[in-house]
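These notes concern the structure reproduced below.
Heavy-atom basis, side chains included; hydrogens, waters and symmetry copies ignored. All values reported here derive from a predicted model rather than from experimental measurement.
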Amino acid sequence: MSFLAPKLFYYLLLLPCLAGLKLWADWRALKVQEAFAAPRLRALLVTGVSTGRSWLIFGLQLLALAAFIVALARPIWGEDKVIQNESGRNIIIAIDSSRSMLANDVVPDRLTRAKLAAQDLMLALKDDRVGLIAFAGNSYLQAPLTTDHDAVVEAIQSLDFTSVPRGGSELGRALKLAIETFEKSPAKNHGLILFSDGGEPDSEITAYAQQASKKNILVLTVGVGTEGGALIPDPDPDRTGDFVRDQQGNVVKTKLEPQPLQEVAKITRGRYLKLGSQPLAAGVVRDLVASLQAQTNAARETVKPIERFYWPLSLGVFLLLVAWIIRPTSRMKTPAPALALLAFALLVPDASAASNQKPEPAAAHEAYKRGEYDHAVKLYDELLKEAPRASQQPLFAFGLGAAAHQLKDYDKAVGGFSQALESTDSGLQNQAHRGLAHSLYDQGDKALAKQPKFTVKAWRDSVKHFNAALAIEPENKEVKENRDFVQKRLDQLQEQLNQQQQQGQKGNKGDKKKGKKGEKGEKGEQGEEGEEEGENGDKDGNGVSEEDKSRKKSLGKKEGEEEGKGGEKEHEKEGQLQAGEQGRQETTEAREARERREAEMAENQENEATGFSRNEARSFLRTYADDQKKAMIVRPRDEPVRGKDW
């Protein structure tokens with residue numbers, strides 16, 4: 001037997017010191033007894049004390065302490081031989097990140113749709129090694145072959161059109177990099193899942209496809225986009241609303257070109273699929289993956305020493321229990337307290353298990369219905385952390401976003417609704433788009449006074465999500481009205497900022513200001529007349545009319561939601577999730593309203609050290625992130641392949 005931490009045995013030197021202290025304490029106690037009473041009365045006055053029992057108990061306690069020190073020294077005895085066999089398949093996911101993937105002929109755009117489909121595929125590759133390639137004019141290995149799927153998913157989520165600083169959609173280069181990566185693995189068969197909007201047929205693509213076929217690489221190609229195509233929005237924030245143009249200044253329209261994708265799939269005995277608004281068929285992917293031979297690495301024999309710390313630890317606990325049972329007191333007639341202690345020790349695991357019970361989805365939904373949004377947010381957070389099934393995650397994320405929106409925590413609301421977009425249910429996707437649109441609008445409206453540029457971006461994204469919701473449900477008039485309302489305010493704010501930029505003004509002179517009487521027009525030059533118009537709806541100015549106000553009220557409401565005690569239903573404006581139950585005590589409602597007000601005040605309270613509130617700091621951080629992204633957009637790009645920078 002040996003020990004992993006033998007230096008801890010030095011603590012055993014404390015045991016003789018403790019024994020010496022015990023002798024000194026007994027001697028002092030004897031002196032006190034002699035001074036307290038005569039020898040003939042001492043036996044009558046001092047009862048319940050036995051020197052022998054006292055030393056027996058002290059000896060047991062010393063032995064228990066010694067046993068604990070031995071346990072801490074981690075004794076080891078014997079060896080355990082473990083044979084590890086690693087099996088699985090090698091799969092690489094290649095995603096086209098060229099600017100043509102920004103086209104929105106599939107919702108919300110080609111690149112986002114491909115990333116969501118790739119994340120769905122990860123569920124079918126649980127026991128496999130997965131890698132990630134981003135390609136455009138060049139190709140780069142973003143994640144090597146690994147079983148750490150969380151790292152691969154994170155790499156997929158971080159992909160954007162700036163990942164490869166060279167335009168084009170070079171399928172051949174993605175095939176070449178995949179071949180080079182697979183050559184480092186001893187497996188015989190490999191799989192490549194390639195997402196792209198295609199391109200022009202090329203002899204280089206055919207040559208690499210034939211090479212992949214010889215190396216037993218099965219390629220599943222996924223065409224992203226439509227044959228009708230769409231214009232490519234210009235990602236440069238300084239050219240908002242413009243589209244990508246070619247070298248002659250003509251607007252570029254990109255469409256799905258499946259010929260090279262179909263050719264690669266045919267040569268490598270794979271399959272070509274088309275990715276539209278519907279999720280990629282997981283069954284098809286599973287069938288293709290099942291045809292790949294699982295790689296089995298050479299068995300590795302690992303020898304681990306067997307730790308025996310639990311032996312001295314158990315002995316120490318036993319000695320302490322014995323010392324407790326025979327402790328020196330005349331009132332201790334039975335070992336009942338010791339038995340109670342043992343019973344409690346046996347019940348502790350049950351108590352801890354009860355405290356670690358997982359939250360139930362129904363409890364979170366009920367908390368939301370009762371208007372306990374703080375509690376609902378906490379429960380939904382816990383449900384998401386428990387790693388539920390993929391089909392449940394979007395639903396819990398949607399509930400988190402809805403509850404956070406009620407608390408005016410728009411950052412968390414945007415995050416929840418964004419995660420809910422990963423759902424394969426078109427109905428939930430529609431609700432998530434609408435929730436995102438409402439949250440982004442309210443977020444921008446809240447930051448309007450101090451961060452108008454951030455407001456422009458938030459409202460622009462809000463309009464995009466309204467459009468995405470309309471693409472799923474084109475006949476929804478309420479969504480269209482809300483979209484038009486936000487677009488109108490966005491146009492007014494953009495015009496106002498343009499005027500300020502032209503006039504060289506640095507302040508927020510033209511910002512809309514809210515008063516008790518209503519909203520004034522942007523021009524602010526009509527004096528008393530402008531206030532009267534603001535009170536009456538500001539129909540002639542650039543403010544918000546009564547019709548627009550009614551539309552604004554409709555933002556965030558949901559159709560068919562129950563309100564009131566009688567359970568009556570009325571057709572509400574869609575989007576807002578409201579509690580359908582009342583009946584709570586007025587004191588509870590007042591307390592919750594006060595807590596919400598305090599939380600909102602805390603978010604807006606200025607920090608003395610920084611001079612900013614939490615909301616202002618978050619806005620500045622978003623602006624900084626946008627500036628960093630813009631720097632990535634405008635950085636010098638490599639010469640595009642074949643003159644196509646998209």
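Taking the side chain as every heavy atom from C-beta outward, Leu256 and Lys274 approach each other to under 4.5 Å. Phe195 has its side chain within reach of Val224: a pair of non-hydrogen atoms, C-beta onward, lies under 4.5 Å apart. No side-chain heavy atom of Asn467 sits under 4.5 Å from any side-chain heavy atom of Val107. In this structure, Gln406 and Asp374 have side chains that are not in contact, with every pair of non-hydrogen atoms separated by 4.5 Å or more. Here the side chains of Val456 and Leu493 are in contact, with some heavy-atom distance below 4.5 Å. Using a 4.5 Å heavy-atom cutoff, the side chains of Leu497 and Pro452 are in contact. A 4.5 Å side-chain heavy-atom check between Ile93 and Ile133 finds every atom pair outside the cut-off. In this structure, the side chains of Glu227 and Lys255 stay at 4.5 Å or more apart for every pair of heavy atoms.
Distance alone, capped at 3.5 Å, is enough to place a donor-acceptor pair between the Ser158 side chain and the Ala155 backbone. A side-chain donor-acceptor contact under 3.5 Å links Ser418 to the backbone of Val414. For Ser97 (side chain) and Phe161 (main-chain N/O), no donor-acceptor pair under 3.5 Å exists by modelled atom type. With Arg110 contributing its side chain and Asp105 its backbone, the two residues share no donor-acceptor pair below 3.5 Å. A donor-acceptor pair under 3.5 Å is formed between the side chain of Lys115 and the backbone N or O of Leu159. Trp459 contributes a side-chain N or O that, together with a main-chain N or O of Tyr441, makes up a donor-acceptor pair within less than 3.5 Å.
One distance of note links CG of Leu273 with CD1 of Ile193; it measures 9.5 Å at 0.5 Å rounding. Note: His405 NE2 to Lys412 NZ = 15.0 Å, rounded to the nearest 0.5 Å. The CG atom of Leu440 sits 11.0 Å away from atom OG1 of Thr455, with the distance rounded to the nearest 0.5 Å. Taken to the nearest 0.5 Å, the OH atom of Tyr140 stands 13.5 Å off from the CZ atom of Phe135. In this structure, Glu478 CD and Arg483 CZ are separated by 13.5 Å, a value rounded to the nearest 0.5 Å. Once rounded to the nearest 0.5 Å, the distance linking CG of Leu231 with CG of Asn104 reads 8.5 Å.
Ring centroids of His438 and Phe466 are separated by less than 6.0 Å, placing the two rings close together. In this structure, Tyr373 has its ring center closer than 6.0 angstrom to the ring center of Tyr368. Between Tyr380 and His365, the ring center distance clears the sub-6.0 Å criterion.
Closest of all the heavy-atom pairs between Val164 and Gly137 is CG1-N, 4.2 Å. Listed here is the closest heavy atom pair of Gly401 and Ala413: O-CB, 3.5 Å. Between Thr254 and Asp197, the closest heavy-atom pair is OG1-OD2, 4.1 Å. Closest heavy-atom contact between Leu275 and Arg113: CD2-O, 3.8 Å. Of all the heavy atoms in Ala397 and Gln419, the pair that sits closest is CB-CB, 3.7 Å. Nearest heavy-atom pair across Ser462 and Val486 is OG-CG1, 4.1 Å.
Residues passing the side chain to side chain contact (heavy atoms under 4.5 Å, CB included) test with Asp150, sequence neighbours excluded: Asp148. With sequence neighbours left out, the salt bridge (charged side-chain N to carboxylate O under 4.0 Å, His left out) criterion links Asp461 to Lys457. Judged as a side chain to side chain contact (heavy atoms under 4.5 Å, CB included), and not counting sequence neighbours, the contacts of Lys378 are Glu382.
Counting only N and O atoms by type, the side chains of Ser169 and Ser196 include no donor and acceptor under 3.5 Å apart. One side chain, Gln119 or Gln157, offers a donor N or O that lies under 3.5 Å from an acceptor on the other. Asp109 and Thr112 form a side-chain donor-acceptor contact under 3.5 Å, judged by distance and modelled atom types alone. A side-chain N or O of Asp491 and one of Gln487 form a donor-acceptor pair less than 3.5 Å apart.
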(request) Show the numbers, then the answer: is there a side-chain contact (heavy atoms from CB on, under 4.5 Å) between Arg99 and Val244? (result) CA-CA 9 Å; Arg99 292 203 292 176; Val244 173; 3.8 Å; yes

(message) Is there a side-chain contact (heavy atoms from CB on, under 4.5 Å) between Leu194 and Val222? Walk through the geometry before answering.
(response) CA-CA 6 Å; Leu194 192 148; Val222 182; over 6 Å; no

(request) Evaluate the criterion side-chain contact (heavy atoms from CB on, under 4.5 Å) for residue pair His433 and Lys464; output intermediate values, then yes/no. (result) CA-CA 9 Å; His433 278 301; Lys464 289 181 180 179; over 6 Å; no

(message) For Arg460 and Leu490: C-alpha separation, side-chain torsions, deciding distance, then whether side-chain contact (heavy atoms from CB on, under 4.5 Å) applies.
(response) CA-CA 7 Å; Arg460 188 179 296 131; Leu490 174 61; 4.2 Å; yes

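Environment of NZ in Lys446: crowded, with over 12 heavy atoms of neighbouring residues, nucleotides or ligands closer than 6.0 Å.
The side chain to side chain contact (heavy atoms under 4.5 Å, CB included) with Arg434 is formed by just one residue from the set Asn476, Leu470, Asn482, Ile472; it is Asn476.
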